[in-house]
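Basis for what follows: all heavy atoms, side chains included, without hydrogens, waters or symmetry-related copies. All chains are named by letter (A, B, ...) in the order of the sequence lines, taking the proteins before the strands, and each is independently numbered beginning at 1.
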Amino acid sequence: MSPHKLYLYNSLSRQKEVFEPIHPPHVGLYVCGPTVYGDAHLGHARPAITFDLLFRMLGHLGYKVRYVRNITDVGHLENDADAGEDKIAKKARLEQLEPMEVVQHFTTRYHQNMQDLNVLPPSIEPRASGHIMEQQQVIQRILDAGYAYVSNGSVYFDLALYAQNHPYGKLSGRVLDDLMATTRELDGQEEKRHPFDFALWKKAMPEHIMRWPSPWSEGFPGWHLECTAMSTKYLGEMFDIHGGGMDLLFPHHECEIAQSTAALGKESVRYWMHNNMITINGQKMGKSLGNFITLEELFTGKHPLLEKAYSPMAIRFFILQAHYRSTVDFSNEALQASEKGLTRLMEGIRTLNRITPSATGTAALEGFESDCYQALCDDLNSPVVIALLFDGLRHINAAFNGQGSLSASDLEMLRRVYHTFVFDILGLRDEQAGDNHGELLEYLIGYLLDIRQEAKAAKDYATSDKIRKKLSELGVDIKDRKDGADWSFRSAAQ
RNA sequence: GGUUUCUUGGCCGAGUGGCUAGGCAGAGGUCUGCAAAACCUCCUACGGCGGUUCGAAUCCGCCAGAAACCUCCA
């Protein structure tokens, strides 16, 4: 086990706490995944990347993590004229497709997006539709405990009763009395004892095509149930970390706490973690606001708001440059700044791999590695780690230029740190290094550069500039050095 | 209306009661045939008004502005 102590901000206590797993070295991590009824947008990238960072960090620290991230393919309700109708079913009917066809389509695309972003697949990715039985079992346990009631074939959670015996609202800071005052009139309210009771099971209307048999009616599970059922199934009645977007804090996670406490007689989750939103012009980016940009559009540049395409790693780096609990505002300018910074970082790492050690080092690097650990262990402060990595870059580039030197042990440490933090933990990929153009290309470019060197030596700058210009047009940048010339592929994103 | 949070230099974005975050952009310089890259230097900010303190951008209060949640949402 690593000697580094990991501090995480617990939404429940509203402060950073030392992370201590219930059953070390094992860690159970559950994160609310996407509803697969549309393409993933930039907002979806945030929790995926945030908790990918946590997953990688925990693994690096020596924990054995079971990471469960669900696919929501049933159960959420829409709040428009079709209130009460299942989201997936609605979309399916509009497009004359089977619901599962829609689900499959967008799940596949989601996976592709995540892979592009270098987000590791979770250990288990359960689907709500595959866990109807488990959800019904949770409902039965809540009924048995007396915290739910059946009404006209639907089952509702008795929040008023629950709140008498449990501190409802402690995650979100809600007070039930306030909720009573602000609850709106929605369909189906007459079935409930109180407006704020929420559905555990909903009887399906005749036109509703996603439905399952149950002891109470043919219908479908309520909004919040799948996470309780699936987290309990795969991580146990008590587990370590539950994550998701801040917008899920209330009511979704509050209801989860109520459900699992009612069903199991105890709270399930030790640490609640919530990533903040991505905003656009200062406003949350979301489907309901219609101001979102899909990941596909970002990667291809096909969206009116985009000046150009942005590579998956530029997006990932952009997100990691902000702390996960801060909002991060989208703009072309910010994205391009990230893109350039990332290129600089990657070029620096390539440089690092080519430096030869000196007898002594001139760079002040003591504490560099531990500072990096400390930053990430401080509630996953990725922006600080990135700042440190940029600091280190200066020493690396200076040494490469002969304006300083790095000892063998300095180099060994730097290579370890950059490899570990950049690739393993931050999960960045060198998008150019992936292009293996083969030995022939290497040889050809090298040969052209030789000719160019000869031209330069003969002061035939017309020829040397011609070669440089042509290679540049082909995406190969030349960098003259004292001892010859370097070249590299310009990243596709530029 | 209720709850919560935020307001940092041209832009993005960290952070701590006292010591230059970092990136991008900009200016100057080194290097260079030129260019690019790299390196060096500069641009040193914390919404407003009070208060606590030897000292606050960091703590407290008020004001202004913004956002999130209260309804599906990452």
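A:Glu339 has a carboxylate O that lies under 4.0 Å from a charged side-chain N of A:Lys308, or vice versa, which qualifies the two as a salt bridge. One finds no salt bridge joining A:Glu347 and A:Arg344 here, because no Lys/Arg side-chain nitrogen approaches an Asp/Glu carboxylate oxygen to under 4.0 Å.
Counting non-hydrogen atoms under 4.0 angstrom, A:Gln283 reaches the backbone sugars and phosphates but no base. Nucleic acid contact class of A:Met277 (heavy atoms, under 4.0 Å, all strands): base. Within 4.0 Å (heavy atoms only), A:Lys284 reaches at least one base atom of the nucleic acid. Within 4.0 Å (heavy atoms only), A:Arg14 reaches sugar-phosphate atoms of the nucleic acid but no base atom. Counting any heavy atom pair closer than 4.0 Å across all strands shown, A:Leu345 reaches no nucleic acid atom.
When distances run from any side-chain atom of A:Lys340 to the nucleotides B:A68, B:C39, B:A25, the shortest one goes to B:A25. Comparing B:U4, B:C70, B:G13 against the side chain of A:Ala322 picks out B:G13 as the nearest. The side chain of A:Ser326 has B:A14 as its nearest neighbour among B:C34, B:U4, B:A14. For A:Ala334, the side-chain atoms get nearest to B:C12 when compared with the rest of B:C12, B:C34, B:C70. Distance from the side chain of A:Glu333 is smallest for B:C11 among the nucleotides B:C70, B:C11, B:A25. Taking every side-chain heavy atom of A:Lys456 into account, B:C34 is the closest of B:C34, B:A14, B:A38. Of the candidates B:A14, B:G23, B:C11, B:G23 carries the atom nearest the A:Phe390 side chain, counting heavy atoms from C-beta on. Of the candidate nucleotides B:C39, B:A36, B:C34, B:C39 has the atom lying nearest to any side-chain atom of A:Ala398.
Contact annotation: A:Asn381 side-chain N/O to B:G15 OP1/OP2 distance is under 4.0 Å. OP1 and OP2 of B:C34 both lie 4.0 Å or more from every side-chain N or O belonging to A:Arg452. Contact check, A:Arg394 against B:G23: a side-chain N or O comes under 4.0 Å of OP1 or OP2. For A:Arg344 and B:A37, the shortest distance from a side-chain N or O to OP1 or OP2 is not below 4.0 Å.
With a cut-off of 3.5 Å on both pairing distances, the Watson-Crick or G-U wobble partner of B:U3 is B:A68. In this structure B:G47 sits in a base pair with B:C63, meeting the Watson-Crick or G-U test at under 3.5 Å. Summarising the base pairing, B:C19 is matched to no nucleotide, lacking a Watson-Crick or G-U wobble pair whose two defining distances lie under 3.5 Å. B:C24 and B:G10 make up a base pair, with Watson-Crick or G-U wobble contacts both under 3.5 Å. Using N1 to N3 plus N6-O4 or O6-N4 for Watson-Crick, or N1-O2 and O6-N3 for G-U wobble, each under 3.5 Å, B:G55 pairs with nothing. Base-pair partner of B:G33: not found among the strands shown (Watson-Crick or G-U wobble, both distances under 3.5 Å).
Place A:Phe317 and A:Pro251 on RNA chain B by their nearest nucleotides, and A:Phe317 ends up nearer the 5' end. If A:Ala337 and A:Gly43 are placed on RNA chain B by their nearest nucleotide, the residue sitting closer to the 5' end is A:Ala337.
Ring planes of A:His252 and A:His224: tilted class, angle from 30 to 60°. Between A:Phe368 and A:Tyr418, the two ring planes are parallel [angle under 30°; tilted spans 30° to 60°]. Taking the six-membered ring where tryptophan is involved, the planes of A:Phe292 and A:His41 are tilted, since the angle between them lies from 30° to 60°. The aromatic rings of A:Phe250 and A:Tyr168 sit perpendicular, their planes meeting at an angle over 60°, well past the 30° parallel limit.
The separation of B:U16 from B:U58, taken at their P atoms, amounts to 13 Å, rounded to a whole angstrom. Rounded to whole Å, the separation between the P atoms of B:C46 and B:A57 comes to 8 Å. Look at the C1' atom in both B:C69 and B:U8: the space between them is 25 Å, to the nearest Å. Going from the C1' atom of B:C12 to that of B:G55 covers 31 Å, rounded to whole Å. Straight-line distance between the P atoms of B:U52 and B:G15: roughly 29 Å, to the nearest whole Å.
A heavy atom lying under 4.0 Å from RNA chain B marks the following residues of residues 400-407 of chain A, by number: A:Asn401, A:Gln403.
The ring pair (Phe, Tyr, Trp, His ring centres under 6.0 Å) search around A:His323 returns none, not counting sequence neighbours.
Below the 3.5 angstrom threshold, one finds no donor paired with an acceptor across the side chain of A:Arg481 and the base of B:A38. For A:Asp465 against B:G33, a side-chain-to-base donor-acceptor contact under 3.5 Å is present.
Across the protein-nucleic acid pair, A:Asn275 atom CG and B:A67 atom P stand 20 Å apart, rounded to whole Å. Atom CG in A:Asp391 sits about 16 Å away from atom P in B:G15, given to the nearest Å. For the pair A:Leu426 CG and B:A14 P, the computed distance is 15 Å after rounding to whole Å. Computed from coordinates, the A:Lys16 NZ to B:G15 C1' distance equals 10 Å when rounded to whole Å. For the pair A:Leu248 CG and B:U71 C1', the interatomic distance rounds to 13 Å; values are reported in whole Å.
The number of heavy-atom neighbours closer than 6.0 Å to CD of A:Glu369, taken from other residues, nucleotides and ligands shown, is above 12.
Cation-pi contact between A:Arg325 and A:Tyr9: present, with separation from the ring centre below 6.0 Å and deviation from the ring axis of at most 45°.
Each of A:Asn381, A:Asp379, A:Thr50 was scored for a side-chain hydrogen bond (donor to acceptor under 3.5 Å, both in side chains) with A:Tyr324, with one residue passing: A:Asp379.
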